[in-house]
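Before I ask anything, let me first share the structure, which is written out below as structure tokens.
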Amino acid sequence: MNFDFTTTLAGTIFPNPIFTASGCAGSGKELIQFFPLTDLGAVVTKSIMLKPRSGRATPRMAETPSGMLNSIGLQGPGIAAFLQDDIPWLKSKGARIVVSIAGESVADYAELARLISGVSGISAVEVNISCPNVESRGQVFSCNPVTAHAAISAVKKNIDPSLPIIAKLSPDVTDITEIADVVINAGADGLALINTLLGMVIDTNSMKPKLAGKTGGLSGPAIRPVAVRAIYQVKARFPQISILGMGGVTNGREAFEMILAGASAVSVGTANFGNPLATMKIKAELQELLIERGFASVAAAVGYAHREED
Amino acid sequence: MINKYAHAVDAEIISNKRVGAYHHMVFEVGAMAGQVRPGNFVAISVGGETSAMVLRRAFAIHRSMDRGGSGGVVELVVAPHGGGSKWLTSLEVHRKVNIVGPLGTAFGIPTEPVRALLVGGGYGSAPLFGLAEVLKSRGSRVDMVLGASTAGKIYAPLEGKRAVNSLTITTDDGSAGLHGKVSDFLPDLIAASGTEIIYSCGPMGMLAAISKIAGELDLVHQCAVEEAMACGIGVCMTCVLPLRDTNGTIRMQRSCIEGPVVDGSRVIWDSPRAIPEGTWGAQ
Ligand SMILES: Cc1cc2nc3c(=O)[nH]c(=O)nc-3n(C[C@H](O)[C@H](O)[C@H](O)COP(=O)(O)OP(=O)(O)OC[C@H]3O[C@@H](n4cnc5c(N)ncnc54)[C@H](O)[C@@H]3O)c2cc1C
Ligand SMILES: Cc1cc2nc3c(=O)[nH]c(=O)nc-3n(C[C@H](O)[C@H](O)[C@H](O)COP(=O)(O)O)c2cc1C
Ligand code: FES
């Protein structure tokens with residue numbers, strides 16, 4: 001059988017549907033010892049901000065049952081150094097690049113969109129709006145329809161129109177389809193679902209929160225059912241929007257589950273920490289499974305769990 | 001290139017013996033053994049296929065032996081601490097575990113013979129014996145001091161003792177060797193052996209104390225640090241510590257790829273749970 005492993009996400013074609021998740025693949029340089037980056041559908045880069053950031057103090061990590069909490073605090077070199085060093089390096093390795101951007105204000109998102117517009121070799125931009133808005137007492141953009149809309153509109157107005165916008169949403173909301181609705185209206189071409197869930201671990205010896213930042217984002221297999229639900233709900237309400245699914249995928253079967261729920265591609269985050277070759281294993285297993293289940297393409301399986309018949 | 005020899009292997013356990021508070025474990029890792037340098041570490045999957053423990057555990061390589069062809073072993077000294085390390089130490093011989101390595105930086109070896117003092121705290125002695133062998137083979141004098149809270153937590157194998165010119169033991173409770181902390185005895189040991197360079201591995205508090213002494217005496221101090229690590233390969237940014245660059249800028253750097261071995265004088269030691277003032281990109 002002629003199997004088509006390519007996938008179309010937000011109007012862009014990728015050779016396969018397995019991506020790295022933002023913040024979980026370093027700059028790419030750390031993984032190239034283990035596999036060629038061209039074997040990925042795309043590398044999603046760590047969310048980049050306007051200025052250099054030290055991130056939060058340590059401890060930044062706590063392992064939890066089937067998952068982990070992290071409070072990295074968006075450590076990074078800032079957009080200028082990123083465009084000068086990281087992008088050319090990724091391009092030189094032939095990687096398809098999805099750039100993730102994060103701002104502290106609506107103006108930041110606008111500026112970041114302008115700065116990446118002139119850069120060649122980028123397949124799409126993922127807009128991480130699960131970050132605190134300094135203009136709104138640190139409330140997370142994606143947790144409020146007004147600020148979620150404002151951030152995505154700012155990107156839409158300032159970005160090269162040929163660059164697809166993927167809005168990354170937080171699951172920490174009452175109704176994720178409401179937020180999906182406003183960001184689609186603001187011009188998002190696709191959605192990335194889901195970011196981490198806010199959590200906390202208290203160390204019962206020190207009797208204080210274990211992380212220096214007190215709270216952290218929960219990721220890994222523990223959140224997978226939440227991700228599958230979010231993808232399914234959004235796909236049900238907006239069948240036309242393409243979704244980059246993520247949350248606790250560690251094997252091909254779990255990537256298949258995301259695709260059945262409605263994801264056109266799947267990002268792998270925490271699983272890279274447990275296994276540097278996780279993406280390659282997931283990709284091989286997914287392909288085998290899709291063929292075994294009789295799908296001629298990835299596209300044929302996207303949202304298949306929504307069908308009414310049989 | 002980062003970690004240019006690192007790869008993953010399903011390694012068979014060929015020995016697992018309790019030694020005091022620790023387990024000395026030997027793994028058949030094939031060609032990986034030939035690429036190890038003292039100070040490198042490995043990251044091991046724990047708990048088996050269906051485990052809820054999703055992160056690897058980091059262990060310093062105690063020794064490695066390249067047997068030529070594709071044979072080779074690495075030895076680890078593992079303290080049963082929490083779920084992951086207890087699972088590992090409970091495994092029977094012939095079981096396989098997935099190991100990624102060799103990872104991280106190695107101890108720098110001077111080209112000329114030197115008088116070196118190796119300081120280990122608890123299982124932190126593990127990587128020092130392989131280092132001692134290399135230093136000795138280059139004609140260096142090697143003095144070693146090992147400290148722990150109590151006698152059972154001193155790891156000092158017989159053959160390791162033979163590799164050093166002198167070995168001093170200290171325990172906090174006085175159950176073996178000198179009564180006190182290693183750092184209490186360092187100035188005297190340094191003076192007695194004419195130390196030119198200090199190598200250390202152990203708890204962060206001990207490394208900080210050694211750094212202070214090394215700074216006062218203007219001695220080079222290479223230490224292997226230990227921060228909580230989620231990935232061990234540089235992709236997660238959880239293991240950072242504040243390090244000073246050559247131009248004086250403090251940056252939060254990944255201890256898994258910039259370290260674990262770093263120059264002690266580069267580390268900002270006195271900033272637990274805080275970003276030191278003036279750090280690059282601090283909010
Ligand atoms: C570079 C390096 C070298 C090390 N070498 C050795 C060694 O030679 N022998 C040895 O016994 N131990 C060593 N450790 C510590 C060892 O990694 C931890 O004891 C182990 O990860 C604890 O896992 P656990 O499941 O038993 O404990 P838990 O406390 O249940 O672990 C929970 C989580 O916290 C992390 N964690 C907990 N304690 C530590 C720690 N001290 N350092 C790093 N991560 C931690 C674990 O990786 C895990 O993700 C080293 C650590 C590092 C970073
Ligand atoms: C250590 C760590 C760092 C992360 N950094 C980012 C980031 O910079 N930007 C972002 O949009 N998401 C970030 N995430 C969230 C992931 O991209 C992903 O959405 C989430 O972890 C769920 O997927 P997973 O369970 O496969 O990890 C981070 C997650 C982790 C664990
Ligand atoms: S442990 Fe992940 S970057 Fe160091």
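These numbers come from a predicted model, not from an experiment. Residue numbering restarts at 1 for every chain, and letters A, B, ... go by the order of the sequence lines.
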**Asked** How far apart are the closest heavy atoms of Pro59(A) and Arg273(B), and which atoms are they?
**Response** CD-NH1, 3.6 Å
**Heavy-atom pair count under 4.5 Å with chain B, highest-scoring of Gly78(A), Ala57(A), Ser27(A), Gly55(A)** =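 Between Gly78(A), Ala57(A), Ser27(A), Gly55(A), the count favours Ala57(A).
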**Message:** Is it true that, when you exclude Gln139(A) itself, more than 12 heavy atoms of the residues, nucleotides or ligands shown sit nearer than 6.0 Å to its CD?
**Reply:** yes
**Message:** Give the interface residues of residues 237-252 of chain B toward chain A, defined by a heavy-atom separation under 4.5 Å.
**Reply:**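 Within residues 237-252 of chain B, the residues that come under 4.5 Å of chain A (heavy atoms only) are Met237(B), Thr238(B), Val240(B), Met252(B).
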**Request:** Using non-hydrogen atoms and a 4.5 Å limit, figure out which bit of Thr250(A) sits close to chain B: side chain, backbone, both or neither.
**Result:**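 Neither; nothing under 4.5 Å.
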**Fill in**
Bottom line for Pro221(A): the part with an atom under 4.5 Å from chain B's heavy atoms is side chain
**Prompt:** Taking C-beta and beyond as the side chain, do Ile233(B) and Leu31(A) meet within less than 4.5 Å on heavy atoms?
**Reply:** yes
**Message:** Any heavy-atom pair between the side chains of Val235(B) and Glu30(A) that's under 4.5 Å?
**Reply:** yes
**Item:** Spacing of Lys51(A) atom NZ and Trp280(B) atom CH2 [to the nearest 0.5 Å]
**Value:**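 Rounded to the nearest 0.5 Å, the NZ-CH2 separation comes out at 13.0 Å.
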**Item:** Heavy-atom pair count under 4.5 Å with chain B, highest-scoring of Pro77(A), Ala222(A), Gly220(A), Ala271(A)
**Value:**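 Maximum pair count with chain B is reached by Pro77(A).
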**Fill in**
Max heavy-atom pairs within cutoff under 4.5 Å with chain A, candidates Ile275(B), Val46(B), Ile2(B), goes to Ile275(B)
**Request:** Decide yes or no for Met229(B) and Met61(A): does some side-chain heavy atom of the first lie under 4.5 Å from some side-chain heavy atom of the second?
**Result:**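 Counting from C-beta outward, Met229(B) and Met61(A) never come under 4.5 Å.
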**Message:** For Glu288(A), is the CD atom crowded, meaning more than 12 foreign heavy atoms sit under 6.0 Å from it?
**Reply:** no
**Prompt:** Rounded to the nearest 0.5 Å, how far does OH of Tyr5(B) lie from CD of Gln33(A)?
**Reply:**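 Reported to 0.5 Å precision, the distance equals 9.5 Å.
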**Request:** Give, for atom OG1 of Thr58(A) and atom CD of Glu227(B), the distance between the pair rounded to the nearest 0.5 Å.
**Result:** 4.5 Å
**Message:** Can you tell me which portion of Lys29(A) sits under 4.5 Å from chain B's heavy atoms? Options are side chain, backbone, both or neither.
**Reply:**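 Contact with chain B involves both backbone and side-chain atoms of Lys29(A).
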**Prompt:** In chain order, what residues pass the salt bridge (charged side-chain N to carboxylate O under 4.0 Å, His left out) check against Lys181(B), with sequence neighbours excluded?
**Reply:** Asp172(B)
**Item:** Within 6.0 angstrom of Lys212(B) NZ, more than 12 heavy atoms from elsewhere
**Value:** no
**Prompt:** Which bit of Leu211(A) comes within less than 4.5 Å of chain B, counting heavy atoms only: side chain, backbone, both or neither?
**Reply:**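 Answer is backbone: N, CA, C or O of Leu211(A) sit under 4.5 Å from chain B.
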**Asked** Just how far is it from atom CG of Asn275(A) to atom OG of Ser45(B), taken to the nearest 0.5 Å?
**Response**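 One gets 6.5 Å once the value is rounded to the nearest 0.5 Å.
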**Rounded distance (nearest 0.5 Å) linking atom CG of Asn272(A) with atom SG of Cys236(B)** =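 Those atoms lie 10.5 Å apart.
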**Prompt:** If you count the non-hydrogen atoms of other residues, nucleotides and ligands that lie under 6.0 Å from NZ in Lys153(B), is the total more than 12?
**Reply:** no
**Asked** Taking atom OG of Ser54(A) and atom CD of Gln253(B), what is their separation to the nearest 0.5 Å?
**Response** 12.5 Å
**Request:** May I have all residue pairs that pass ring pair (Phe, Tyr, Trp, His ring centres under 6.0 Å) and include part of residues 16-58 of chain A, sequence neighbours excluded?
**Result:** Phe14(A)-Phe19(A)
**Message:** Quick check on the structure: residues of residues 49-58 of chain B within a heavy-atom distance below 4.5 Å of chain A, by number.
**Reply:** Ala52(B), Met53(B), Val54(B), Leu55(B), Arg56(B), Arg57(B)
